[in-house]
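The structure under discussion appears below in the form of structure tokens.
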Amino acid sequence: MPIVAEGEWLFAVQSPFQVLLTRTLTRGELARFFGNAATTCLSGTYNSRIVYFMIRASVANYIRLGALVCALVVIADGQAAKTTRAQSTLTGLQMCAPCVHAHMDFLASDALRGRGSGTPDELVAATYIASELEQYGVAPAGDDGTYLQRATLLRQKLTSAPQLKFHTSGPAEREVAWTHGKEILALYLANPSFSGPLQKIDLAKGENQRVQSGGVVFLTAPHEDKIRREQLRIGSQGALAVLVPESSRLRLRWEPMGSRLPELPVQIEGADRSDMGPQFSAFAVSREAGAVLSDLPDGTTIEMKATAGPVEKSHTWNAVGEISGTDSSQQHAVVLLTAHLDHLGVGAPVNGDDIYNGADDDASGATAVLELARVLASQPKPRRTVIFALFGSEETGGLGSTYFREHLPVPLHDISACLEFEMIGRADPAVAEDTLWLTGWERSNLGPELARHGAHLVADPHPDQGFFRRSDNYVFAKKGVVAQTVSSYGLHGDYHQPSDDLAHIDFKHMNEAIHSMLKPVLWLVNSAFAPHWNRGGQP
């Protein structure tokens, strides 16, 4: 923002929701002009030459104007500026609780209609975040000198129900065809077709059995929970598809899921498939179909076919900013601070509410990254370069982060650590009060070192949920970056529901949790600490 002479006025539209107003005003003028709210963020002696104010339109209805007034002191005297910067290093690491609340009010508002992946509402959220980064003085690191990256999405819709086909052997040889919604239920499709040899794995005979790459696994076990735990492991070891027997839980979903065609994964144009989404297809089979599979010999060719329509194109958006490091010896030690800015958008109504606001998931994480950006930008430049990346389309399989990984502002091998912030808006009763946890804690030395420097950070208390693989960090971890997710998700029932809204956010916990990360992150970006994977930790 330009510096103007004393007494001048400057109006600059920075985004559809922001107007920046500049003029020298006394504290008394502030109170008369903006009311008492203007003085709540002011304290001490104000001899500054210029004060900036931001008036933000209330996006809840786009009509009423609400004022968020912040004072930024600009000292004309050079020595006074040096003193202020020196003091800031010692005392400036303070949470801005009103900023946190304001970000959450906007990002999780009904006006953004749940920030659906790849929708205009996601673009609005990305634009808002970009304008905040610009306001803090963070440099742009997106496309063509901007703060935004736009990725093209490729989508195909099925036009027929998937079918599993195979031939039985023996005197009664015949072709069998099972259809989605009848004998089988497509739980997830990685591709519109596949073909591979059958491999039967019974977990009653032992877990961790060797999986045949390119095979179609029929997975059985005495207990359903074992099947759910092993399904992802088996698919990640190279199986084309995993078939599981129906359960009482799946039977309840059979009719509603079978009445609609499954969706194929969305792809990023010109990029590898995201590592977050499953690379295999998954089907439930009816009891009768399961009995037939049990009698088939291993090696029987199982084929799946479905027809799909033409490829449709759309877009998703990332918001990206950067603070350049000052130490050339740390140029290959970039720190990446990330969250996802999208959610589920507008969906099936629950108790009359069809907006899936995503306050905890993941407006809270995006807010944490914004607050870290604000604080770090207020400090002397760090030794290491810091990149702030807020990703679109995480909910559809880490598409924004996958695109970013392929279009980084620095070489991938220069990134030494990635911290993703995901669902920190509510406390997890499984850990101590105002504590965060880190996915894959035992995989690297990053979490323990941050904890030693004051982070309220402990090991993930829910390892059975596989959270390490379920957030954008995994996209970078698969390429060797020490990348883990900071969270406090306590498995609450509002996950992916319209009730994940502002009314359920614990702002005290959220403020304390973010505050606990400020000094450790400041230490990280100014240290020579080398994050590394522990033996066997890299996925």
Q: Compute whether any side-chain donor of one residue and acceptor of the other, for Thr300 and His167, lie under 3.5 angstrom apart.
A: no
Q. Tell me, do Leu370 and Ile129 make a side-chain contact under 4.5 Å, heavy atoms counted?
A. yes
**Q.** Residue pair Glu246, Arg251: steps toward the salt bridge (charged side-chain N to carboxylate O under 4.0 Å, His left out) verdict
**A.** CA-CA 6 Å; Glu246 72 164 90; Arg251 178 49 62 182; 2.8 Å; yes
**Q.** Any side-chain heavy-atom pair of Asp110 and Asn357 under 4.5 Å
**A.** yes
Q | Short side-chain donor-acceptor distance under 3.5 Å, Thr316 and Glu122 | A | yes
(Q) Go through it in stages, so that I can follow the logic: the residues are Ser499 and His504, the test is side chain to side chain donor-acceptor pair (under 3.5 Å), and I'd like the CA-CA distance, side-chain angles, deciding distance and then a yes or no. (A) CA-CA 8 Å; Ser499 52; His504 292 91; 5.5 Å; no
Q: For residues His343 and His496, establish whether the separation of their ring centroids is below 6.0 Å.
A: yes
Q: Apply ring-ring contact (aromatic ring centres under 6.0 Å, His included) to His453 and list each qualifying residue two or more places apart in sequence or on a separate chain.
A: Trp523
Can you give each donor-acceptor pair under 3.5 Å made by side-chain atoms of residues 404-412, sequence neighbours left out, with the distance rounded to 0.1 Å?
from	atom 1	to	atom 2	distance (Å)
Arg405	NH1	Asp275	OD2	2.9
Arg405	NH1	Val475	O	2.8
His407	ND1	Tyr403	O	2.9

Q) Please walk me through it: do His532 and Asn445 pass side chain to side chain donor-acceptor pair (under 3.5 Å)? A) CA-CA 6 Å; His532 65 75; Asn445 65 341; 3.2 Å; yes
Q) Under 3.5 Å, is there a donor-acceptor pair linking the side chains of Gln484 and Ser444? A) yes
Q: Before giving the answer on side-chain contact (heavy atoms from CB on, under 4.5 Å), spell out for Leu264 and Gln156 the whole-Å C-alpha distance, their side-chain angles and the decisive distance to 0.1 Å.
A: CA-CA 7 Å; Leu264 292 170; Gln156 275 186 293; 4.1 Å; yes
Q: Compare every heavy atom of Trp178 with every heavy atom of Ala289, then report the nearest pair and how far apart it is.
A: O-CH2, 3.3 Å
Q | Donor + acceptor pair across side chains of Asp360, His492 (<3.5 Å) | A | yes
Q) Taking side chain as C-beta onward, heavy atoms only, is Asp361 less than 4.5 Å from Tyr495? A) yes
**Q.** Any side-chain heavy-atom pair of His180 and Leu185 under 4.5 Å
**A.** yes
Q) Between the main-chain N or O of Ala430 and the side-chain N or O of Asp428, is there a donor-acceptor pair closer than 3.5 Å? A) yes
Q.
Ignoring hydrogens and geometry beyond distance, is a side-chain donor-acceptor pair present between Glu420 and Asn473 at under 3.5 Å?
A. no
Q: Indicate the ring-plane relationship of Trp437 and Phe467, choosing parallel, tilted or perpendicular according to the 30° and 60° boundaries.
A: parallel
(Q) Could you report the tightest heavy-atom contact between Ala125 and Leu112, atom names first, then the distance? (A) CB-CD2, 3.8 Å
Q. Short question: side chain of Ser416, backbone of Val334 - any donor-acceptor pair under 3.5 Å?
A. yes
Q. Do side-chain atoms of Ser281 reach the backbone of Ala190 as a donor and acceptor pair under 3.5 angstrom?
A. yes
Q: Could you check if a side-chain atom of Thr220 sits within less than 4.5 angstrom of a side-chain atom of Lys200, using non-hydrogen atoms only?
A: no
**Q.** Check: Glu371 side chain, Thr367 main-chain N or O, donor-acceptor pair, under 3.5 Å
**A.** no
Q.
Do Pro245 and Arg287 have side chains that approach each other closer than 4.5 Å (heavy atoms only, starting at C-beta)?
A. no
Q) Just checking, any donor-acceptor pair under 3.5 angstrom between side chains of Asp472 and His340? A) no
Q) Cation over ring, Arg426 on Tyr489, under 6.0 Å and within 45°? A) no
Q | Atom of Asp121, atom of Gly116 and distance for their closest heavy-atom approach | A | CB-N, 4.5 Å
Q. Is the backbone N or O of Gln465 less than 3.5 Å from a side-chain atom of Arg470, with the two atoms forming a donor-acceptor pair by type?
A. yes
Q | Minimum-distance pair of heavy atoms, taken over all atoms of Phe194 and Ala241 | A | CZ-CB, 3.5 Å
(Q) Please tell me whether His101 and Asp105 have a donor and an acceptor in their side chains that are separated by less than 3.5 angstrom. (A) yes
Q) So do Thr119 and Asp342 actually touch side chain to side chain, heavy atoms under 4.5 Å? A) no
(Q) Distance alone, cut at 3.5 Å: any donor-acceptor contact between the side chains of Glu422 and Ser487? (A) no
**Q.** Heavy-atom closest contact (Ala339 atom, Val369 atom, distance)
**A.** CB-CG2, 3.9 Å
Q.
In the structure I gave you, are the side-chain heavy atoms of Met104 and Ile505 within less than 4.5 Å of one another anywhere?
A. yes
Enumerate, atom names and distances included, each donor-acceptor pair closer than 3.5 Å involving a side-chain atom of residues 305-314, sequence neighbours excluded.
from	atom 1	to	atom 2	distance (Å)
Thr307	OG1	Thr159	OG1	2.8
Thr307	OG1	Ser160	OG	2.7
Lys313	NZ	Glu269	OE2	3.0

Q. Does the side chain of Asp460 pick up a donor-acceptor pair with the side chain of His462 at under 3.5 Å?
A. no
(Q) Treating Thr152 as the side-chain partner and His315 as the backbone partner, does any N or O pair qualify as donor plus acceptor under 3.5 Å? (A) no
Q) Do side-chain atoms of Arg115 reach the backbone of Leu341 as a donor and acceptor pair under 3.5 angstrom? A) yes
